[in-house]
2 protein chains.
Amino acid sequence: MTASGWRITEQRRMLAEIFAKTDAYLSPKDVYDQMTVSYPSVSFDTVYRNLRLLSEMGALEQFYFMDGGLKFKCSCLEHHHHHLICMNCEKTLTFDYCPMDHSLELPGSFKITSHRFEIYGVCEQCQQESAT
Amino acid sequence: MTASGWRITEQRRMLAEIFAKTDAYLSPKDVYDQMTVSYPSVSFDTVYRNLRLLSEMGALEQFYFMDGGLKFKCSCLEHHHHHLICMNCEKTLTFDYCPMDHSLELPGSFKITSHRFEIYGVCEQCQQESAT
DNA sequence: CTTCCTGCAAATCGTTTGCATCAGT
DNA sequence: ACTGATGCAAACGATTTGCAGGAAG
């Protein structure tokens, strides 16, 4: 997976494992916190460097939340899709509906290059937990 | 406009004018730069304070771009709508289509609280200018 | 053994806060 | 005059950079 020209270090292997295990968006701090559990000596900048490296390689999706906070998520495989994002646990669910597939009536000759569509809310699990 | 309990200062009047004149998203720095032209002594924190104040009052829409950068825009009147955003000049066009009006097939019992839909590209004017 | 990666410390950027002074009412 | 707003400087959090030592190939 990381074997495309880059060295496989323990830190990178650990990073990959963390993202393989979750379908949530993680902030650099989330990742750092998880890393330090089993590897207390990692430094914050190594986390940053490797997150950036992995997202430039395309292994991670990088993304800024509603509140401007930076997050990363495993981008494994994946065709075009959008996300449901739980505001509580920040796990994501994907769905295939894309508003761009529909004939939007857009003002004049605007050249479209990209779009962004996300739905925010509370996932089933978090609803149950908060109901207790 | 600002007369709902707050003092009308020259800085605030100027802020309002800047936003009244444009339909672009402006970063705090954009605003600051425009303010200093005719009022060189404003401070950055006053800009921040008033931007925050005006968006809490609902006069400005606050928003984090694709790149995580904070932006503001006049929210005058306005019913529910979404934006076309020019990546070049950051002006915005609004349109009424909303993907949430359509029956999306979403996974299970996710409780939706909000959504975000934006289209990015290049506006007509910027296309013409770059064509020269 | 060489090169890349790491950890540390310091730099930077955007934003916020505390405080004394100044301006609006 | 009173109170809230401003400007300054310093604090702050998140992210980036330079550099010397350490590990992967």
Side-chain angles (χ1 to χ4, degrees), chain A residues 1-19 24-73 90, chain B residues 1-19 24-73 90:
Chain A
M1 192 177 184
T2 319
S4 28
W6 303 106
R7 291 190 183 164
I8 299 171
T9 63
E10 190 168 351
Q11 293 87 325
R12 289 180 182 169
R13 180 174 301 286
M14 199 170 300
L15 242 196
E17 277 170 24
I18 288 173
F19 280 101
Y25 273 98
L26 299 176
S27 68
K29 180 159 194 330
D30 294 336
V31 175
Y32 177 72
D33 290 343
Q34 288 196 40
M35 298 263 291
T36 47
V37 172
S38 47
Y39 191 160
S41 66
V42 253
S43 67
F44 231 108
D45 20 64
T46 299
V47 172
Y48 272 107
R49 267 188 288 243
N50 287 329
L51 285 173
R52 193 138 54 96
L53 181 67
L54 289 186
S55 52
E56 278 165 10
M57 284 175 48
L60 295 178
E61 247 174 74
Q62 175 181 340
F63 173 100
Y64 290 88
F65 257 50
M66 292 274 264
D67 65 353
L70 179 58
K71 303 277 169 155
F72 293 86
K73 169 180 186 304
E90 297 191 343
Chain B
M1 194 175 185
T2 320
S4 29
W6 302 107
R7 292 192 182 160
I8 299 170
T9 63
E10 190 167 352
Q11 294 86 325
R12 289 181 181 169
R13 180 174 300 287
M14 198 171 300
L15 241 196
E17 277 171 22
I18 288 173
F19 280 101
Y25 273 98
L26 299 175
S27 68
K29 183 161 193 330
D30 294 336
V31 176
Y32 177 72
D33 290 344
Q34 288 196 40
M35 299 264 289
T36 47
V37 171
S38 48
Y39 192 160
S41 67
V42 254
S43 68
F44 231 108
D45 20 63
T46 298
V47 172
Y48 272 106
R49 269 189 289 244
N50 287 328
L51 286 173
R52 191 139 54 98
L53 182 67
L54 290 186
S55 53
E56 277 165 10
M57 285 176 45
L60 295 178
E61 248 175 73
Q62 175 181 341
F63 172 101
Y64 291 89
F65 256 51
M66 294 275 265
D67 64 354
L70 179 58
K71 303 276 170 154
F72 292 87
K73 171 179 183 305
E90 297 190 343

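Chain letters run A, B, ... following the sequence lines, proteins first, then strands; residues in each count from 1. Because the structure is a prediction, the values reported are computed rather than measured.
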(message) Let me confirm one number: the OH-NZ distance from B:Tyr48 to B:Lys29, rounded to the nearest 0.5 Å.
(response) 10.0 Å
Separation of [N] [atom2] from [X] [atom1] (nearest whole Å):
X: A:Arg49; N: C:dA9; atom1: CZ; atom2: C1'; answer: 12 Å
X: A:Asn50; N: D:dT16; atom1: CG; atom2: C1'; answer: 14 Å
X: A:Tyr64; N: D:dA14; atom1: OH; atom2: C1'; answer: 10 Å
X: A:Met14; N: C:dC5; atom1: CE; atom2: P; answer: 17 Å
X: A:Gln62; N: D:dT16; atom1: CD; atom2: C1'; answer: 14 Å
X: A:Tyr48; N: C:dC8; atom1: OH; atom2: P; answer: 16 Å
X: B:Leu51; N: D:dA5; atom1: CG; atom2: C1'; answer: 15 Å
X: B:Glu56; N: C:dT16; atom1: CD; atom2: C1'; answer: 13 Å

(message) So if I apply the side-chain contact (heavy atoms from CB on, under 4.5 Å) rule between B:Val42 and each of B:Thr36, B:Leu15, B:Val31, which one comes out positive?
(response) B:Thr36
(message) Can you tell me which residue among A:Leu26, A:Leu51, A:Leu54 is in a side-chain contact (heavy atoms from CB on, under 4.5 Å) with A:Phe72?
(response)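 Exactly one candidate clears the test, A:Leu51.
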(message) Using heavy-atom distances to pick each residue's nearest nucleotide on DNA chain C, tell me which of B:Phe44 and A:Gln11 is more 5'.
(response)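 Looking at DNA chain C, the more 5' nearest nucleotide goes with A:Gln11.
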(message) Both A:Val42 and B:Lys29 contact DNA chain C. Taking the nearest nucleotide for each, which residue is further toward the 5' end?
(response) A:Val42
(message) Just so I know, are the side chains of B:Phe63 and B:Lys73 near enough to count as touching, which here means a heavy-atom distance under 4.5 Å?
(response)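 B:Phe63 does not reach B:Lys73 side chain to side chain.
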(request) May I ask you to evaluate whether B:Thr46 reaches the phosphate of D:dG7, defined as a side-chain N or O under 4.0 Å from OP1 or OP2? (result) yes
(request) Mark yes or no for a side-chain to base donor-acceptor pair under 3.5 Å between A:Arg7 and C:dC4, with no hydrogen or angle criteria applied. (result) yes
(request) Report yes or no: is there a donor-acceptor pair, N or O only, under 3.5 Å between the side chain of A:Asp45 and the base of C:dA10? (result) no
(message) side chain to side chain contact (heavy atoms under 4.5 Å, CB included), that's the test. Do A:Leu53 and A:Arg12 meet it? Break it down for me.
(response) CA-CA 10 Å; A:Leu53 181 67; A:Arg12 289 180 182 169; 3.6 Å; yes
(request) Go through D:dA5, C:dG7, D:dC8 for me and flag the one nearest to the A:Tyr39 side chain. (result)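 Of D:dA5, C:dG7, D:dC8, C:dG7 is nearest to the side chain of A:Tyr39.
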(request) Please tell me which of A:Arg52 and B:Ser41 maps to the more 5' nucleotide of DNA chain D, matching each residue to the nucleotide holding its nearest heavy atom. (result)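 On the 5' side of the pair lies B:Ser41.
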